[in-house]
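Every heavy atom of this structure was used, including side-chain atoms; hydrogens, water molecules and symmetry mates were not. Throughout, a chain's letter reflects where its sequence line sits, starting with A, and its residues are numbered from 1. The model shown is predicted, which means the values in this text are computed figures rather than measured ones.
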Protein chains: 2
Amino acid sequence: MSFRTLTERENTILSLIVQSYIHDCTPVGSRTLVRRFGLDLSPATIRNTMNDLEEAGLLIQPHTSAGRIPTSLGYRIYVDELMAPKPLSRKERATIRDAVVGEHSGHIRDAATVLDQTVRALGGLTRLLAVSFEPRLDQGTFEKIELVSLGAGKILAVLTIEKGFLRTIVLELEATVNSEALNETSGILNERLSGLPIKIIRESVRERLRDAVAKDPKILKLIVNSSDDIFASPQEDEGIHYWGTPNILSQPEFADRERMVSLMGALEEKEIIVRVLGGHRQEGGLTITIGEENADGEIKFCSVVASPYVVGEVSGSLGVLGPTRMEYSKLVSIVDYTARIVSEVLGEESTEKDLTDEIA
Amino acid sequence: MSFRTLTERENTILSLIVQSYIHDCTPVGSRTLVRRFGLDLSPATIRNTMNDLEEAGLLIQPHTSAGRIPTSLGYRIYVDELMAPKPLSRKERATIRDAVVGEHSGHIRDAATVLDQTVRALGGLTRLLAVSFEPRLDQGTFEKIELVSLGAGKILAVLTIEKGFLRTIVLELEATVNSEALNETSGILNERLSGLPIKIIRESVRERLRDAVAKDPKILKLIVNSSDDIFASPQEDEGIHYWGTPNILSQPEFADRERMVSLMGALEEKEIIVRVLGGHRQEGGLTITIGEENADGEIKFCSVVASPYVVGEVSGSLGVLGPTRMEYSKLVSIVDYTARIVSEVLGEESTEKDLTDEIA
DNA sequence: GTTAGCACTCGATATATGAGAGTGCCAATA
DNA sequence: TATTGGCACTCTCATATATCGAGTGCTAAC
């Protein structure tokens, strides 16, 4: 990653500067560094090293005769090679777990509720903007469909997806339908499609149902014609939860009005979140994206620590967004742990006898 | 409202000051007022009147030797007695209507989608924070319930409520259930409860089903025991849509960091919205709340223009929130019109043959 | 290789100054 | 009697100026 290997001293200095700057948001000078960390070197020596680091592109000076601050590349080196993840305290683990698991032990929550409470906890704990995506159900396996007549030609399709996820859709037919025809249709669908991944179904319903015969073919026809919607991947900008805008707006790096407004606008449009966190889904593990590494101009002052969570074949992602000056060593632990807990909680087959409110 | 009747001149001056201040966000002085509006009076005369208005509590000076700005009470008089609602242009009406009605004429949207697009349009048009509540279904009339087995003891209850609103809930039973028993149960429920308001049902299910006999009584029992959830009024802080935080943050009155952060925090917690807009539901019509008239400290610099929308017996509300310095005369027209259109659109029985995605 | 010393830079802070907009008051006016 | 012109005064805002302090780069000495 770095185009030349840093010396031991350079590593130390870089690390200390990053830590100091993360803590203070103040450019750090040679003298301060020596004093604060009780270094056994003179400021002049530090200055020389700083100069080298600056030439290597890891530090910059906001202006002549100010201290140095890390560049994105500087943070990158720090994150990849220098920092040690900071373990969570028992209390922190408990905070996260309690929030994700939820208070009412007798009450099973759906994914939206779980993630909503998760981002609240995550935002509160990190004092940053916490973000999460609901799971993308179209990665999952189709279990079965039920068709319910709602009267006036409306039909409710209820899709059951592995691990207890549910998706409901209202379809409409001009003719009235009887429940017998609905049962027949759902029977055919379940027989032919059960156990297949949603994605596969979306691509191949037509062929799979081509030779199906039903007494009342118009329902089957409706299903096939609407299959893009029924077996759809959810809209990219749906199922996003976030929390902590005041946190992020309080950060000194957003004192600039312009920057703040553009960030908020980007958040509201959700494109940013989708682009930044969307790519993280179903990938390996926790990722850190720093400053200009984010393609989007609006958040080139921001970093993102994100991790996928996995529930069976279905997955989503969660993470935090904040200024590049963030406490990476702590955040990787927090985000990683949160993602694990969410995986765990959403993966539990609901065994409690209570009810979940899938839609408000 | 005002504790003394204002003279003709006082009315004029107050009105002009309000208009000028709304336009400029600059305290307005006597000389400026005369020049800008070509008044046939000398600045000295205006000063006398201004002094009177200040004593009446309708104007204040930010500091000695600055111009005047209206107080909340000043705005109140203006809104109640002086201003004339500004009619919407054809184009503005079209903008609102198009957003609420939606683009795909062949696609029926659910309330959440409609309101989401509505607040976007409303926020964009007013350059303020637009807010809406989804309808409170528990004001509505229960049409029927369908019970669908999802396997593993899970049952999906689908409630149909007048005007095509839908509510689904997952219930859980330790035993497995057969569809016959479910049909029997839903039959009993529909027979006894159909046509009743949800609210009434919530209060009286027990009595109404006391003497009901079913071959498999445990499902009926589950329904009764879970009735608080099934026929619940939705959580106060659910079903809220808002859009336009960047708009509001760009307003000069939120240059103050502190104020901005506290407003954003309040918004995220949603309590503010609930308290401010929540009360407006099912009430007469459009309401305007100005500055300190809002009980909440966080938004004592804000005003709210809100209106209920009504769909049959069910209603919700929508409106805009912004600094007290807002263009009331225009906003009342916009909010009123938007509420009407939303009422209309949500009230339409869905006749299109297409499908709605009720849950993501 | 490390360090002390020194001249220099530059942002931040405090202070002074003047311009401009506005006010209140009072005596003159129609 | 209501209106007005005139005047002294107030207060903010913008600008200019001086000073302080943290920090730098460079060089010569250790």
Rounded to the nearest angstrom, tell me the gap between atom [atom1] in [X] and atom [atom2] in [N].
{"X": "A/I46", "N": "D/dG25", "atom1": "CD1", "atom2": "P", "value": "13 Å"}
{"X": "A/I13", "N": "C/dT2", "atom1": "CD1", "atom2": "P", "value": "11 Å"}
{"X": "A/D40", "N": "C/dT3", "atom1": "CG", "atom2": "C1'", "value": "13 Å"}
{"X": "B/D52", "N": "C/dT23", "atom1": "CG", "atom2": "C1'", "value": "15 Å"}
{"X": "A/E8", "N": "C/dG1", "atom1": "CD", "atom2": "P", "value": "17 Å"}
{"X": "A/H63", "N": "C/dC10", "atom1": "NE2", "atom2": "P", "value": "9 Å"}
{"X": "A/I69", "N": "C/dG11", "atom1": "CD1", "atom2": "C1'", "value": "15 Å"}
{"X": "B/Q61", "N": "C/dA21", "atom1": "CD", "atom2": "P", "value": "17 Å"}

TODO: Take B/N48 and B/G67, find for each the nucleotide of DNA chain C with the closest heavy atom, and name the residue whose nucleotide sits nearer the 5' end.
DONE: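 Nearer the 5' end of the strand: B/G67.
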* Using a cut-off of 4.0 Å on non-hydrogen atoms, how would the nucleic acid contact of A/R35 be classed: base, sugar-phosphate, or nothing? ->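 Counting heavy atoms under 4.0 Å across all strands, no contact is made by A/R35.
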TODO: Could you tell me the separation between the CG atom of A/L59 and the OH atom of A/Y21, rounded to the nearest 0.5 Å?
DONE: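 Answer for the CG-OH pair, A/L59 versus A/Y21, is 11.5 Å.
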So, is [X] close to the [N] phosphate, meaning a side-chain N or O under 4.0 Å from OP1 or OP2?
{"X": "A/R9", "N": "C/dT2", "result": "yes"}
{"X": "B/T45", "N": "D/dT4", "result": "yes"}
{"X": "A/R68", "N": "D/dT24", "result": "yes"}
{"X": "A/T64", "N": "D/dT24", "result": "no"}
{"X": "B/T32", "N": "C/dA21", "result": "no"}
{"X": "B/S30", "N": "C/dG22", "result": "no"}

Going by the side chain to side chain donor-acceptor pair (under 3.5 Å) test, name the single residue among A/E292, A/E293, A/K300 that passes it with A/S72.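 Of the listed residues A/E292, A/E293, A/K300, the side chain to side chain donor-acceptor pair (under 3.5 Å) partner of A/S72 is A/E292.
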Please compare B/S65 and A/N51 by the position of their nearest nucleotide in DNA chain D and report the one closer to 5'.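 It is B/S65, whose closest nucleotide lies nearer the 5' terminus.
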### Message
Using only atom types and a distance under 3.5 Å, with no angle test, would you say the side chain of B/T71 pairs donor to acceptor with the backbone of B/G57?
### Response
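Yes, because the side chain of B/T71 sits within donor-acceptor range (under 3.5 Å) of the backbone of B/G57.
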N/O donor-acceptor pair, side chain B/R47 with base C/dG24, under 3.5 angstrom: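 Counting by modelled atom types and ignoring angles, a donor-acceptor contact under 3.5 Å is found here.
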For a quick check under 3.5 Å, do B/Q251 and B/R127 share a side-chain donor-acceptor pair by atom type?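 Note: B/Q251 and B/R127 side chains miss the donor-acceptor criterion.
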Does a donor on one side chain sit under 3.5 Å from an acceptor on the other, for A/S15 and A/T12?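 A/S15 vs A/T12: no donor-acceptor pair found between side chains.
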Query raised in the report: Which nucleotide, D/dC11, D/dT4, C/dG22, lies nearest any side-chain atom of B/L41?
Result: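 It is D/dT4.
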